[in-house]
Amino acid sequence: MPVVTRFAPSPTGLLHIGGVRTALFSWLYARRMGGKFILRVEDTDRERSTDEAVRVILEGMEWLGLAADEGPYYQTARFPRYREVIDRLLAEGKAYRCYATREELDLMRAEQMARKEKPRYDGRWRNRTDTRPGVEPVVRFKNPLEGDTVVEDLVHGRVSFSNAELDDLIILRSDGTPTYNFCVVVDDMDMGVTHVIRGDDHLNNTPRQMNMLQALGVAPPVYAHVPMILGPDGAKLSKRHGAVSVLQYEQDGYLPQALLNYLVRLGWSHGDQEIFTIDEMIAAFDIADVNKAASAFNPEKLLWLNQQHLMRAEPAAVVPALRAAFARQGLSVGASDDVLAQVVLIQRERCKTLNEMAANSAFFFSDALSIDAKAAQKHLTAEGLGHLAALESVLGAIPVWSVEALQQTVNACAAARGVGLGKVAQPLRVALSGGAISPPIDATLAILGRERSMSRLQAALQRPPIAPS
RNA sequence: GCUCCCUUCGUCUAGAGGCCUAGGACAUAGCCCUCUCAAGGCUGUAACACGGGUUCGAAUCCCGUAGGGAGCGCCA
């Protein structure tokens with residue numbers, strides 16, 4: 001039987017990395033097994049669901065390249081179907097109407113808590129057939145009273161629950177809308193889902209869902225409950241760190257494959273391998289290898305991985321993302337894709353994100369160069385300007401403005417003046433980039449171009465020399 | 001409170017009873033390389049939660065304890 005997995009986020013909050021990793025595991029498993037991956041939006045809570053959250057799910061999945069083979073399905077579009085299944089359960093005596101009021105239930109729970117018992121519905125309408133005028137009933141599922149329900153979980157192994165611990169959950173609210181646990185069961189059944197991969201906060205819901213499936217005469221899917229992702233401090237993921245929209249990582253200059261690589265290694269590993277391409281992940285991934293313990297989100301390792309992917313990517317492939325990063329910084333860059341690919345090539349081993357790359361490369365493209373005061377103080381001294389003057393004449397005479405020629409010329413100039421390369425390169429670097437840090441000086445000159453390089457050099461020479469402090 | 005789950009360096013992890021003097025990665029410290037910053041290379045600091053068993057032998061199996069987490073809604 002072909003594998004069918006699904007990712008079923010609820011649009012009540014913005015999709016964050018916890019959800020993304022669950023989606024990734026489901027997607028990888030389907031790809032690995034040659035199966036099908038379904039996207040289903042669980043929007044039955046109309047009060048709390050937002051269009052914005054739905055948008056983030058759709059755009060986020062697209063940015064990450066986690067394409068669904070089917071869907072997106074929306075639960076709100078399936079209400080008639082849920083109603084149909086509830087009617088069937090009612091007719092078969094596997095569900096019943098409960099006329100207990102909220103006040104009565106609150107009181108019941110308060111009493112149970114006072115007795116230090118687990119708060120649960122006591123089945124007071126389970127065997128009644130009468131009605132109560134003036135009260136709109138809910139429909140409850142008749143859960144087995146005895147025996148155990150055993151979950152054979154792919155990551156946790158065998159987990160057993162006593163049916164006596166489970167109460168008769170509401171499957172249809174008094175306003176006529178179905179509830180989450182019920183919709184999941186019907187959807188997974190209708191959509192032929194074979195492997196349910198989800199957060200382990202759902203492990204406790206699983207026996208109820210299995211019991212409903214059994215009442216419907218359907219074999220349960222295989223379950224895999226994956227551990228949660230914690231914040232860097234080991235506490236629950238919060239807005240402060242990580243629990244932000246997945247699209248924020250795009251805004252922050254991360255590559256989707258780097259985020260995916262980071263997330264796949266949270267709770268899963270393949271020997272000592274740290275860096276994976278998407279294809280390598282698919283080839284190596286198995287849900288049975290996923291760990292049981294929750295793991296903490298580590299932004300520094302994500303940063304490292306992002307740079308590793310930047311360094312391994314085809315430069316041309318990251319150009320669009322680099323352009324977007326420039327745009328976010330308010331810089332519209334007219335340079336060609338070819339020039340930007342060169343920028344990627346020389347900057348990527350000193351940048352962890354595209355935003356950093358754009359910020360450190362802005363000097364190539366901005367018209368007004370501002371010189372950092374501290375850098376000037378240190379390098380644009382009388383001595384430094386002397387080197388610059390020499391550089392100006394030799395560079396001005398270069399026939400072909402190529403990296404090789406530039407490197408030779410600058411080296412020769414330093415040698416002729418009897419100083420190390422650093423003595424001439426640093427003043428030149430400040431004149432060209434405005435700061436003491438940049439890619440290698442020859443590559444910087446090459447990308448900047450003859451015209452811009454020479455005019456910046458000349459501008460620096462106009463400055464009054466700074467006395468060394 | 002009850003039920004269920006979890007526990008190897010600061011963090012992510014390797015580890016299926018002897019291969020473990022517990023390996024790798026991020027971070028961190030030092031060194032090398034070097035035109036700056038990086039990248040890269042080398043080296044170091046650093047962990048089996050605790051207590052009992054079982055076994056010739058336990059990070060690995062069993063039982064407790066402690067700590068952490070989740071669930072117990074007309075939320076998903």
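Sequence lines set the chain letters: A, B, ... in the order given, protein chains first and strands last, and positions in each chain run from 1.
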Peer 1: Please say whether more than 12 non-hydrogen atoms of neighbouring residues, nucleotides or ligands are located less than 6.0 Å from NZ in A:K94.
Peer 2: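 Yes.
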Peer 1: Which nucleotide in the set B:A39, B:U36, B:U3 lies at the smallest distance from any side-chain heavy atom of A:K352?
Peer 2: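 So the nucleotide nearest the side chain must be B:A39.
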Peer 1: Determine, using ring centers only, whether A:Y99 and A:W125 are less than 6.0 Å apart.
Peer 2: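 Yes, the ring centres sit under 6.0 Å apart.
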Peer 1: Within the structure, does a side-chain N or O atom of A:N291 lie under 4.0 Å from either OP1 or OP2 of B:A14?
Peer 2: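 Indeed, a polar side-chain atom of A:N291 lies that close.
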Peer 1: Rounding to a whole Å, what distance do you find between A:I437:CD1 and B:U36:C1'?
Peer 2: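 Atom CD1 in A:I437 sits about 7 Å away from atom C1' in B:U36.
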Peer 1: Pick the P atom in B:G40 and in B:A27, then give their distance to the nearest Å.
Peer 2: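 Pairwise P distance, B:G40 against B:A27, rounds to 9 Å.
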Peer 1: By nearest atom, which of the nucleotides B:C35, B:U13, B:G1 is closest to the A:I441 side chain?
Peer 2: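 It is B:C35.
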Peer 1: Between P on B:U34 and CD on A:Q426, what's the gap in Å once rounded to a whole number?
Peer 2: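 One finds 16 Å between P of B:U34 and CD of A:Q426, rounded.
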Peer 1: When we call it a touch if two heavy atoms are under 4.0 Å apart, what does A:P439 touch: a base, just sugar-phosphate, or nothing?
Peer 2: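 Result for A:P439 = base.
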Peer 1: Can you find a heavy atom in the side chain of A:M357 that is under 4.5 Å from one in the side chain of A:L310?
Peer 2: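 They are in contact (side-chain heavy atoms under 4.5 Å apart), so the answer is yes.
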Peer 1: Now, which nucleotide makes the Watson-Crick or G-U wobble pair with B:U3, with each of the two distances under 3.5 Å?
Peer 2: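 The base-pairing partner of B:U3, which may sit in any strand shown, is B:A70.
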Peer 1: Using heavy-atom distances to pick each residue's nearest nucleotide on RNA chain B, tell me which of A:M311 and A:S162 is more 5'.
Peer 2: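 Comparing both residues, the 5'-ward one is A:S162.
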Peer 1: Just checking A:A293: base, sugar-phosphate only, or nothing, at a heavy-atom cut-off of under 4.0 Å?
Peer 2: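 Sugar-phosphate contact only - A:A293 comes under 4.0 Å of backbone atoms but never of a base.
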Peer 1: If the P atom of B:G69 is compared with that of B:U36, how far apart are they to the nearest Å?
Peer 2: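 Rounded to whole Å, the distance is 49 Å.
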Peer 1: For A:Q407, run the side chain to side chain contact (heavy atoms under 4.5 Å, CB included) check against A:L421, A:D442, A:L445 and tell me which one passes.
Peer 2: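 Single side chain to side chain contact (heavy atoms under 4.5 Å, CB included) partner of A:Q407 among A:L421, A:D442, A:L445: A:D442.
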Peer 1: I want to verify a distance call: between B:C26, B:C74, B:U36, whose nearest atom is closest to the A:P440 side chain?
Peer 2: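 Closest nucleotide among those given: B:U36.
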Peer 1: Whether the side chain of A:R109 and the base of B:C72 hold a donor-acceptor pair under 3.5 Å is what I'd like checked.
Peer 2: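 No.
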Peer 1: Check whether any side-chain nitrogen or oxygen of A:R265 sits under 4.0 Å from OP1 or OP2 of B:A25, and answer yes or no.
Peer 2: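 So the side-chain polar atoms of A:R265 never come under 4.0 Å of the phosphate oxygens OP1 or OP2 of B:A25.
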Peer 1: So which nucleotide does B:C42 pair with, by the Watson-Crick or G-U wobble rule with both distances under 3.5 Å?
Peer 2: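 B:C42 is paired with B:G30.
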Peer 1: Rounded to the nearest angstrom, tell me the gap between atom CG in A:N204 and atom P in B:G73.
Peer 2: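 Rounded to the whole Å, the gap is 12 Å.
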Peer 1: Considering only atom P, compute the distance from B:G53 to B:G57 and round it to an integer number of Å.
Peer 2: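 Result for the P pair: 12 Å, nearest Å.
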Peer 1: Can you tell me how far C1' in B:A59 sits from the matching atom in B:A47, rounded to whole Å?
Peer 2: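 Their C1' atoms lie roughly 10 Å apart.
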Peer 1: Both distances below 3.5 Å, Watson-Crick or wobble geometry, any strand: find the nucleotide opposite B:C37.
Peer 2: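 No nucleotide pairs with B:C37.
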Peer 1: Distance between the P atoms of B:G51 and B:G67, in whole angstroms?
Peer 2: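 Pairwise P distance, B:G51 against B:G67, rounds to 16 Å.
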Peer 1: When the C1' atoms of B:C42 and B:C4 are considered, how many whole Å apart are they?
Peer 2: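 Comparing C1' positions in B:C42 and B:C4 gives a spacing of 48 Å.
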Peer 1: Over all strands shown, is A:S438 touching base, sugar-phosphate only, or nothing at heavy-atom distances under 4.0 angstrom?
Peer 2: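 If one applies the 4.0 Å heavy-atom cut-off, A:S438 turns out to touch a base.
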Peer 1: Select one nucleotide: of B:G73, B:A70, B:A38, the one nearest the side-chain heavy atoms of A:R350.
Peer 2: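 The closest nucleotide is B:A38.
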Peer 1: Across the strands shown, which category fits A:Q112 at heavy-atom distances under 4.0 angstrom: base, sugar-phosphate, nothing?
Peer 2: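 Contact class for A:Q112: none.
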Peer 1: Return the orientation label for the A:Y262 and A:F297 ring planes: parallel under 30°, perpendicular over 60°, tilted otherwise.
Peer 2: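 Answer is perpendicular, since the angle exceeds 60°.
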Peer 1: For A:Q308 and B:G40, is the shortest distance between a side-chain N/O and OP1 or OP2 below 4.0 Å?
Peer 2: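 Yes, because at least one side-chain N or O of A:Q308 sits under 4.0 Å from OP1 or OP2 of B:G40.
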Peer 1: Quick one: A:L310 CG to B:A38 C1', roughly how many Å, whole number?
Peer 2: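 Rounded to the whole Å, the gap is 13 Å.
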Peer 1: Across all strands shown, which nucleotide pairs with B:C61 by Watson-Crick or G-U wobble geometry, both distances under 3.5 Å?
Peer 2: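 Across any shown strand, B:C61 pairs with B:G53.
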Peer 1: B:C6, B:C35, B:C5: which one has an atom nearest the side-chain heavy atoms of A:K292?
Peer 2: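 Nearest to the side chain of A:K292 among the choices is B:C6.
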Peer 1: So A:K116, base contact, sugar-phosphate only, or nothing? Heavy-atom distance under 4.0 Å.
Peer 2: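 Answer is sugar-phosphate: A:K116 comes under 4.0 Å of backbone atoms only.
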Peer 1: Does A:E280, at its CD atom, have more than 12 non-hydrogen atoms belonging to other residues, nucleotides or ligands within less than 6.0 Å?
Peer 2: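 Count over threshold, so yes.
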Peer 1: Specify whether A:H195 and A:Y29 have parallel, tilted or perpendicular ring planes, treating 30° as the upper limit for parallel and 60° as the lower limit for perpendicular.
Peer 2: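 Tilted: the ring planes of A:H195 and A:Y29 meet at 30° to 60°.
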Peer 1: Looking only at the side chain of A:V159 (C-beta and beyond, no hydrogens), which of the listed nucleotides B:A76, B:C74, B:C4 gets closest?
Peer 2: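 Closest nucleotide among those given: B:C4.
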Peer 1: Which part of the nucleic acid, if any, lies within contact of A:A375, taking any heavy atom under 4.0 Å across all strands shown: a base, the sugar-phosphate backbone alone, or nothing?
Peer 2: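 It contacts nothing in the nucleic acid.
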Peer 1: Report the distance from atom OH of A:Y96 to atom C1' of B:C74, rounded to the nearest whole Å.
Peer 2: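 Those two atoms, OH and C1', are 14 Å apart.
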Peer 1: Base, sugar-phosphate, or nothing: which does A:S49 touch, judged by heavy atoms less than 4.0 Å apart?
Peer 2: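 Here A:S49 touches no strand at all.
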Peer 1: Rounding to the closest angstrom, what is the interatomic distance between B:U65 and B:A22 at atom P?
Peer 2: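 The same atom, P, in both gives a distance of 31 Å.
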Peer 1: Going by purine N1 to pyrimidine N3 plus the second Watson-Crick contact, or the G-U wobble pair, all under 3.5 Å, which nucleotide sits opposite B:C19?
Peer 2: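 Looking at the geometry, B:C19 pairs with no nucleotide.
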Peer 1: side-chain hydrogen bond (donor to acceptor under 3.5 Å, both in side chains), that's the test. Do A:R78 and A:Q75 meet it? Break it down for me.
Peer 2: CA-CA 5 Å; A:R78 288 174 47 78; A:Q75 290 188 323; over 6 Å; no
Peer 1: Among B:C35, B:C74, B:A25, which is the nearest nucleotide to the side chain of A:R102?
Peer 2: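 Comparing B:C35, B:C74, B:A25 against the side chain of A:R102, the answer is B:C74.
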Peer 1: Which one, B:A76, B:C12, B:C35, comes nearest to the side chain of A:S295?
Peer 2: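 Between B:A76, B:C12, B:C35, the one nearest the side chain of A:S295 would be B:C12.
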Peer 1: Does a nitrogen or oxygen in the side chain of A:H156 sit under 4.0 Å from OP1 or OP2 of B:C6?
Peer 2: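 The answer is yes; a side-chain N or O of A:H156 sits under 4.0 Å from OP1 or OP2.
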Peer 1: With a 4.0 Å cut-off on heavy atoms, is A:D442 in touch with a base, just the backbone sugar-phosphate, or nothing at all?
Peer 2: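 Answer is base: heavy atoms of A:D442 come under 4.0 Å of a base.
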Peer 1: Which whole-number value in Å describes the distance from A:H225 NE2 to B:G69 P?
Peer 2: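 Taking atom P of B:G69 as the reference, NE2 of A:H225 is at 20 Å.
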Peer 1: Using the C1' atom on both, measure B:C72 against B:A14 and round to a whole Å.
Peer 2: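 Here B:C72 and B:A14 have their C1' atoms 37 Å from each other.
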Peer 1: What orientation do A:Y180 and A:H202 show, parallel under 30°, tilted 30 to 60°, or perpendicular over 60°?
Peer 2: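 The arrangement is tilted - the two ring planes meet at 30° to 60°.
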Peer 1: Take A:E274 and A:N181, find for each the nucleotide of RNA chain B with the closest heavy atom, and name the residue whose nucleotide sits nearer the 5' end.
Peer 2: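 Looking at RNA chain B, the more 5' nearest nucleotide goes with A:E274.
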Peer 1: Look through every strand shown and name the nucleotide pairing with B:A25 as Watson-Crick or G-U wobble, where both distances are under 3.5 Å.
Peer 2: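 Checking every strand shown, B:A25 finds its partner in B:U11, with both distances under 3.5 Å.
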Peer 1: Check whether any side-chain nitrogen or oxygen of A:T179 sits under 4.0 Å from OP1 or OP2 of B:G73, and answer yes or no.
Peer 2: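 No.
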Peer 1: How close or far is atom C1' of B:C35 from atom CD of A:E349, stated in whole angstroms?
Peer 2: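 Taking CD of A:E349 and C1' of B:C35, I get 14 Å after rounding.
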Peer 1: B:C35 P sits how many Å from A:L388 CG, rounded?
Peer 2: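 These atoms are roughly 18 Å apart.
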